[in-house]
Amino acid sequence: MAKNLLIVESPAKAKTINKYLGKDFQVLASYGHVRDLKPKEGAVDTEHDFAMAYEVIERNERHVDAIAKAAKLADDIYLATDLDREGEAISWHISEILKERGLTKGKNLHRVVFSEITPKAIKAAVANPRQLSHDMVDAQQARRALDYLVGFNLSPVLWRKVQRGLSAGRVQSPALRMIAEREEEIEAFNAREYWTIEASLRHPENDFTARLTKLNGKKFEQFDLTNESDALAAREALKEAAHGRLTVSEVGSKERKRRPAPPFTTSTLQQEAARKLGFSTSRTMKVAQGLYEGVALGSEGNVGLITYMRTDSTALSDDAVTELRQLIERDYGRKALPDGPQVYRTKSKNAQEAHEAVRPTSALHTPRDVASFLNDDQRKLYELIWKRTVACQMIHATMNTVSVDFALNQVAGGAAAFRSTGTTIVDPGFLAVYEEGRDQKSADDDDEGRRLPKLTVGEHVALHDIAADQHFTEPPPRYSEASLVKALEEHGIGRPSTYASIIQVLLNREYVLLDSRRFKPTDVGRAVSKFLTQHFTQYVDYDFTAKLEDELDAVSRGEEAWVPLMERFWVPFKQQVDEKTESVDRNEATGARELGTDPKTGKPVSVRLGRFGPYAAIGTKDDEDKPQFASLRPGQSMHTITLEESLELFKLPRNLGQAENGDEVSVGVGRFGPFVKQGSTYASLKAEDDPYTIELPRALQIVQEKLEMLANRLILDFGNGVQVLNGRYGPYITDGEKNARIPKDQEPKELTEAQCLELLAAAPAKKKGRFGAKKTATKKAAAKKAAPAAKKAATKKTATKKTATKKAATKGSAAKKTATKKVATKKAASKKVAATDA
């Protein structure tokens, strides 16, 4: 048995490191976090200095046991989890577990960190261990406690005031606010019309264009021409004055330098991968994790290809810079190399400068050399990182910008002028390797690469045409993943390791959706954002969130104690939660809107947010008649829908006519979406079918497909509940409680009852729901159907109960049991949603 135990987070990393350290070391993985707060109220004791009650995470119990078993036999234990706060906390939790089990007595406990998985870095880290940083652990614990307290206290308010199952997070909520406020800007935006005028010029060298820059004796601005008649009048006056040519009045030339972008931090890597590769933030981090932990490179074995990918530093080690400069001189020539290393200052004031930027562990592992060992995603991301890192140590690019002005002095209304610009690359410098992407193009981007002919003052250039083009101002764009990460970083919200999880939580909770790779808030998301912004303004305020991050950073540096920080947050927060729980009206919280009056009934028409999403209503609960309800259509929003659009929703259900057998055929929208009904048969509409426009022939076709599917579904029925059915993924056996797969070599039609029972007995039980309770539609329907009988049965405790039918008693008992399970499930769900989303 090895004398030394080294613990990392992932098994892939363990495999790579084990090869470097040899037989004296046993390397085990913790598989991420090993402990977390107990998912129940009181896990953070606000009355006793925020003491935190932890438990081992169930899915990692066997890994913890393996570590404990190995620790018992080892002399030295090396905690080598990641070098950020999360990694420090994991090491601390492991050490606490080992202490609780009495496995650290007489042993040396070391903390080692490294930013790259290479033999040199690993051996150097093991040779120079340090103690656990309790300041970093305190910062991580404070962050976890804050997130827990927000989740457990704010989420239930959302449940009561907005919609069940919602959650609020300390960092996700400001991010949601950004997206929701951008959507409001877009909706409030009023487009303005404007016109531009451009001349098409012909020259023996090459044709080019020139923009109008002066009109009526003054500088031409964007909104000088705002309608077609004025634009066309100006165009005709310019053409008349030009007489088929423009004369060069001035030629200017300016040389400028463009410097390379700094090496990647976590956020800039996520932004650039989104722009250039179309990767989501979570995809980027997953691929980067694999490159960091190690990839098998043939005879070299597992090699960590990049440095640690969670960093806000742009620093590069001296060794890395030396190697980069050697590679640049070898592959791109001495002229591509600046006189000295390029040094980049980290913009983030809280950057952890002990980290390096995200870079290749060795620039000598070129993308071409390693491409055959990588999958497509790894190859693309590694090439992006490699090129950016190499380019950052290359010489600047030299650009030459030429501008040519053309004057027209004899124009009715005053002098006019056109200008043409072009930018050419004199020396590409770093652009030979890499150019940074941009979220939006500028006018300079259009000029780059345009080469103008050589012109002199007084020279006449033939005018081909003058065009007047109509434009409209555009609203600010919705956030993309790249621009949202950039905005979060600029506001100081979250830290590099949290951006991907922030975005994923918003998507998973369906607070936002991706529309053409841009974030669009859902009605639920907007309701949550509006509620939090109006009633918990401070806690979704960008500056407040950023200040809290700064204070957590101060804790990690040992400059501030974490308990006073928690007290400053908790006391006013709890008071506000208690006050808003009592005072806020639900209709106001959900953003309900009254749209007008229904012309047929004279009743008010409104839109509201319900349990199953936004809906329109005609009438109110106070009316004598029951209000009418209709769900909004996909793509409609309760924030923008008009009265006319909402009234269209009440045209369902539509009667389409009769089938050949006389059955009425209609179409409507139910809880599970649009459907067509023929007699007693229901069939869901396909994605391409619109319930408001579908006609009888298509509806009959959908019903016929459903009937054929049902007819072909039953293969065998043994009369005792055991059946062989055709399912979505092929034939299977069921008894209503369990499903069993059919062996590939077995013909479904030839199965016997005994074989089916044997396969069912060996099949696993149906998986439980997310929170430990079975949530099948069958059980929900049975519970709902049986509830009245259950209530009736529960009140009869005398002879009436004894004389009730066995069927009713059984039904009542089952319903009571189901109802109890549902209540328990709801309570567990409420607590776990708050805990997991915190």
Side-chain angles (χ1 to χ4, degrees), residues 32-60 84-86 88-90 92-93 96 136-160 165-176 493-495 497-498 501-502 504-506 508-509 511 528 532 536 538-540 544-545 547-549 551-553 555-556 560-578 580-581 770-772 827-838:
H33 278 277
V34 292
R35 290 200 309 183
D36 199 6
L37 291 169
K38 294 180 178 179
K40 64 179 183 180
E41 290 185 55
V44 176
D45 189 347
T46 56
E47 300 297 321
H48 297 88
D49 289 340
F50 302 92
M52 302 168 77
Y54 291 106
E55 65 180 12
V56 174
I57 298 170
E58 185 178 351
R59 68 175 183 273
N60 279 352
D84 56 12
R85 285 182 216 159
E86 294 295 315
E88 201 73 19
I90 293 171
W92 177 76
H93 280 296
E96 290 296 297
M136 290 179 70
V137 173
D138 286 348
Q140 192 276 339
Q141 284 203 100
R143 177 189 291 277
R144 183 68 189 95
L146 285 168
D147 292 344
Y148 171 92
L149 291 172
V150 169
F152 255 96
N153 290 275
L154 203 49
S155 297
V157 181
L158 289 175
W159 281 50
R160 287 191 285 271
L166 301 180
S167 69
R170 183 182 61 84
V171 182
Q172 82 190 40
S173 297
L176 175 61
I493 296 171
R495 283 297 177 258
S497 61
T498 65
S501 61
I502 289 170
Q504 204 56 51
V505 166
L506 294 178
N508 290 345
R509 280 282 153 206
Y511 290 166
V528 169
L532 295 176
F536 293 88
Q538 178 180 3
Y539 302 103
V540 292
F544 175 84
T545 307
K547 184 175 181 293
L548 201 54
E549 293 289 351
E551 290 182 295
L552 289 169
D553 288 333
V555 172
S556 72
E560 186 174 342
W562 74 283
V563 173
L565 181 156
M566 294 295 302
E567 288 172 342
R568 289 196 301 273
F569 175 88
W570 170 246
V571 175
F573 174 72
K574 185 63 167 67
Q575 290 174 349
Q576 196 159 350
V577 167
D578 293 341
K580 295 298 180 181
T581 300
R770 182 178 174 187
F771 303 116
K827 287 181 178 179
S830 172
K831 291 177 179 180
K832 191 144 186 180
V833 165
T836 54
D837 287 321

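All residue numbers refer to positions in the sequence shown, counting from 1. These numbers were taken from a predicted model, which means no experiment stands behind them.
Side-chain atoms of F50 and V563, non-hydrogen and from C-beta on, do get closer than 4.5 Å to each other. In this structure the side chain of P39 reaches within 4.5 angstrom of the side chain of E55, judged on heavy atoms. The side-chain heavy atoms of M566 and L149, taken from C-beta on, include a pair separated by under 4.5 Å. When side chains are defined from C-beta on, M52 does not count as touching Y148, because their heavy atoms never get closer than 4.5 Å. At least one side-chain heavy atom of L146 sits under 4.5 Å from a side-chain heavy atom of L565.
Taking every heavy atom of both residues into account, A142 and L552 meet most closely at CB-CD2, 3.7 Å. For the pair A43 and L37, the tightest heavy-atom approach, listed with the atom from each and the gap, is O-CD2, 3.9 Å. When all heavy atoms of K574 and D578 are compared, the closest pair comes out as NZ-OD1, 2.9 Å. Minimum interatomic distance between G165 and R509 (heavy atoms only, all atoms of both residues): O-NH1, 2.9 Å. Residues A168 and V150 approach most closely at O-CG1, 3.9 Å, considering heavy atoms. P564 approaches A561 most closely through the heavy-atom pair CD-O, 3.5 Å.
Separating the OG1 atom in T498 from the CD atom in Q504 is a distance of 13.5 Å, to the nearest 0.5 Å. Atoms NE2 and CD1, on H93 and I57 in that order, are 8.5 Å from each other to the nearest 0.5 Å. In this structure, the separation between CD on E560 and CG on D138 is 11.5 Å, given to the nearest 0.5 Å. Once rounded to the nearest 0.5 Å, the distance linking CE of M136 with CD of Q141 reads 13.0 Å. For the atom pair CG (L158) and CZ (R160), the distance works out to 10.0 Å, reported to the nearest 0.5 Å. Atom CH2 of W92 sits about 9.0 Å away from atom CD of Q140, to the nearest 0.5 Å.
Counting only distance, with no hydrogens or angles, the side chain of D49 and the backbone of A51 share no donor-acceptor pair below 3.5 Å. Here the side chain of D147 pairs no donor or acceptor atom with the backbone of G169 at under 3.5 angstrom. Counting only distance, with no hydrogens or angles, the side chain of Y511 and the backbone of S167 share a donor-acceptor pair below 3.5 Å.
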Criterion salt bridge (Lys or Arg N to Asp or Glu O under 4.0 Å) on E96 and R35, from CA distance to verdict:
CA-CA 10 Å; E96 290 296 297; R35 290 200 309 183; 5.1 Å; no
Under the salt bridge (Lys or Arg N to Asp or Glu O under 4.0 Å) rule, what do R170 and E549 come out as? Steps first, then yes or no, please.
CA-CA 11 Å; R170 183 182 61 84; E549 293 289 351; 3.7 Å; yes
What's the verdict on side-chain contact (heavy atoms from CB on, under 4.5 Å) for Y539 and L548, showing C-alpha distance, side-chain angles and the deciding distance?
CA-CA 10 Å; Y539 302 103; L548 201 54; over 6 Å; no
Apply the test side-chain contact (heavy atoms from CB on, under 4.5 Å) to residues R495 and V171: give CA-CA distance (whole Å), side-chain angles for both, the deciding distance (0.1 Å), then the verdict.
CA-CA 10 Å; R495 283 297 177 258; V171 182; over 6 Å; no
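Figure legend: cation-pi geometry between R143 and W562 absent, as NZ or CZ is not positioned both under 6.0 Å from the six-membered ring centre and within 45° of its axis.
Ring geometry, F573 versus F536: the interplanar angle falls from 30° to 60°, so the pair is classed tilted.
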